[in-house]
Amino acid sequence: MPLKVALKRAERSRNLRALALIAPLFLFIVLTFAAPIGMLLFRAVYDPDLGRNLPATTEAIQSWNGEGLPDETVYAALAADLKAAQENKTAGQIGKRLNYEMSGTRSKILATARMVAKLESGPYKEAFIKQDQRIWGQPDVWHILKRETKPFTGYYLLASLDHQFDGNGNIVKTSPDQAIFIDIFIRTLWIAFLVTIFTLLLGYPIAYLLASLPTSTSNLLMILVLVPFWTSLLVRTTAWVVLLQTNGVINDALIWLGILHDRIQLIFNRGGTVLAMTHIQLPFTILPIYSVMKTISPSYMRAARSLGGGPFYSFWRIYFPQTVPGIGAGCLLTFILSLGYYITPALVGGPADQMISYFVALYTNTELNWGMASALGGLLLAMTLILYVVYNRLVGIDKVKLG
Amino acid sequence: MAGHVPYDARANEGPPQCLLRGYLLWLWKIGCRHGVSQMEARSLDRPMSAQGQAVSGKLDGQELDGQRGDGKALVRFKDVQKSYDGETLVVKRLSLDIRQGEFLTLLGPSGSGKTTTLMMLAGFETPTHGEIELNGSSITHMPPEKRNIGMVFQNYALFPHMTVAENLSFPLEVRKYNKAEIQARIRKSLEMVRLDAFANRRPGQLSGGQQQRVALARALVFEPELVLMDEPLGALDKQLREHMQIEIRHLHQSLGITVVYVTHDQSEALTMSDRIAVFNDGIIHQLASPSELYERPSNAFVAQFIGENNRLHGKVAQLNGQGCTVELSAGFNVQALPVNVDGQGSPVTLSLRPERLKLDPQDGTMPNLFNGEVVELIYLGDHTRVRVAACGADDLIVKVPNSEGVPAYQPGQPVRIGWRLEDCRALAS
Ligand SMILES: Nc1ncnc2c1ncn2[C@@H]1O[C@H](COP(=O)(O)OP(=O)(O)OP(=O)(O)O)[C@@H](O)[C@H]1O
Ligand SMILES: [Mg+2]
């Protein structure tokens, strides 16, 4: 027994020391990364604002069975809430939230709130319907109120996938003129895919060259590959704007050389976006491939050739398969990084080239719609994780080598 | 110097009459080739001495079966030079014939150009000057895949992403054999190296020795005439290495292939080869059978490199018929066999094998006899190494067999040290 105690004591001091060593990083990550992301993702399904701003309505509407219009008590509760909102200046918030689901509702809510503030007493139902028959005389807004005054909501996630609830609480497709997000997700995947393919096609030969040159030369080349890392993303993107714009360097050069007569549109389109992103992502694809190639002994190729394989055949059968883990790592890295691109498409792309991050930024910075921003961000994260899992199933993540 | 131990062990086992016969034959041969140049003497230099027979019985066997390999040259290096940087020659004027069916070893210290020579033969490096012929036609500029030469690499270079069977099928697929034949050949090759049970393993799941055997099987599966091996046993431990030496040797004999083998381990070279080319600094210093190389090194480098060796420095005082008198720096006069001396007054190195030095020999049997003193004794089981100070040197090593009737020596004890003229080779230094 004393031995066990002694062992435990010895272990404990070692465990404490280990804990003390990782504690700073752990806290840092929790505070600056895990917690904000968790909170953000939570925002996609948790939105208590409406319920908080309409406490009486929240309670009263529970008794409404969803058929026809609610009775006077519910109208009266809403009237009381709107009166309070008018005083607290929260009517705008209520209007904005309802406006997400029924456009044009915001101004109507504000007008009703002003009207209600002047009313001394009921009956409110009539007054409401008189104020605006199209909104207070229809059950739609009451459906929304009943659903969205609860703190947890599926609205943002559904909207991010171009779906919504109908009056009966069923999930239906958003009308085609408002359904944009599926397209944007597909576009995001497609651009990331194109960028990955191009970086691979351009990067693989470079990586091969780097790995097979003598060290002195390959170091120089490596510096050239790494130069993009030394300049900021914004600077590089702006440089592409300078190059690609209609009066830019490339157009000038082509016209000067007589290859073109009219200036062509190189920027603010898909081509420009993929081009600039490919350039920025190249090192991320090259480096893992290079470091894997570096570990492949040249004697494999020699062996293959001494066994009778021609240079290309030997390369394809012997060398290439051994670089696949590097290709996997490089492509996965580039693909995942590309999914989250924001600045480059925003500066070099046209309206049809904006990726999902653009909308996340839009909802966070301009629209102040945290729910949508969180839902889109969360879906992007989920997509990345799914990809990771699929990749793991197909290739095996343990096959990914960074060197 | 673990290298020479197996050799000497066998030498000591040899029965006395065998030694005597070898000695006579050897004397006869010296007489024959007096004045004959080294290159011409090459075809004569089959193992004949007592040492040679002791080295291995299989060499005798080969000699009997019709001087195999003496016929035509399979590979011919003609005045080949190689430089990597355009400044220094890594291989300088290499002329070498490799006979059909022989086991030729390129032996030399690190950086002496062995791998480079092999790579030129395999086609991975191009000579900067000269020609390489295979079967009488030039292959100097033929790409490696056209040469049909099997190769075993030092690190085996087994394709890690393929199973053993796939590794072996690669050269067969390239040669467009049909499926059934590929299967049959793979099975046969794996049986040959006794790895039939491992066909579906990856190289990473095999031990070093098994990988080595797979590499061997892969180099042989397409039945090349010529197989090159670059230090194929370098990564194995001593016991496995000795085991594989025998296996490779057996494969060579049973398949009748020509093997060019690179090593820097002299005992490996001595046990395995028909002939050894000793490399240094891009030059072949001697090309001869193992026994010839050991018994009659033709210059100071070979004497030094192969086996253990005592050296004394001096200059030629007198040349007479089959012997010469060398005056050592310390003033002693030694009777020696002139191997390559430039004439009277030229500086020479005397090379003496430790097992040829005798302590307290009978009077009159040794033309060279000097007074010395025992400095140190090193007991090694079957023999004792006695360090003696004599002739102005204090590091003459004498091997004394630990058998009955051999007196025990003590450090500080005065002894007389002697050797025969033929065992003392005068080499230009
Ligand atoms: N690819 C190369 N480029 C430049 N120099 C080289 C190259 N390969 C070999 N050398 C040089 O050529 C010389 C001979 O090399 P080589 O590999 O033939 O030696 P080796 O006899 O095989 O030695 P080891 O026993 O160490 O393998 C060395 O000095 C080496 O530095
Ligand atoms: Mg070598």
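Convention: sequence-line order gives letters A, B, ...; per-chain numbering from 1.
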**Q** Tabulate, in ascending numerical order, the residues of residues 155-167 of chain B having at least one heavy atom closer than 4.5 Å to a heavy atom of chain A, or enter 'none'.
**A**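 So the qualifying residues are B:N155, B:A157, B:L158, B:F159, B:P160, B:H161, B:M162.
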**Q** Please check if atom NZ in A:K294 has more than 12 non-hydrogen atoms from other residues, nucleotides or ligands closer than 6.0 Å.
**A**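 Count over threshold, so yes.
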**Q** What residues of residues 297-312 of chain A sit under 4.5 Å from chain B when only non-hydrogen atoms are counted?
**A**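 When heavy atoms of chain B are the reference, residues 297-312 of chain A contributes A:S297, A:S299, A:Y300, A:R302, A:A303, A:A304, A:R305, A:S306, A:L307, A:G308, A:G309, A:G310, A:P311 within the under-4.5 Å range.
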**Q** Is B:R147 close to chain A through its backbone or its side chain, or both, or neither, when contacts mean heavy atoms under 4.5 Å?
**A**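 Answer is neither: B:R147 stays 4.5 Å or more from chain A.
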**Q** What do you reckon, is CZ of A:F193 surrounded by more than 12 foreign heavy atoms closer than 6.0 Å?
**A**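 For A:F193, atom CZ is not crowded (no more than 12 foreign heavy atoms under 6.0 Å).
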**Q** Surrounding CZ of A:F26 (heavy atoms of other residues, nucleotides or ligands, distance under 6.0 Å), is the total greater than 12?
**A**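 It does not: A:F26 CZ has 12 such atoms or fewer within range.
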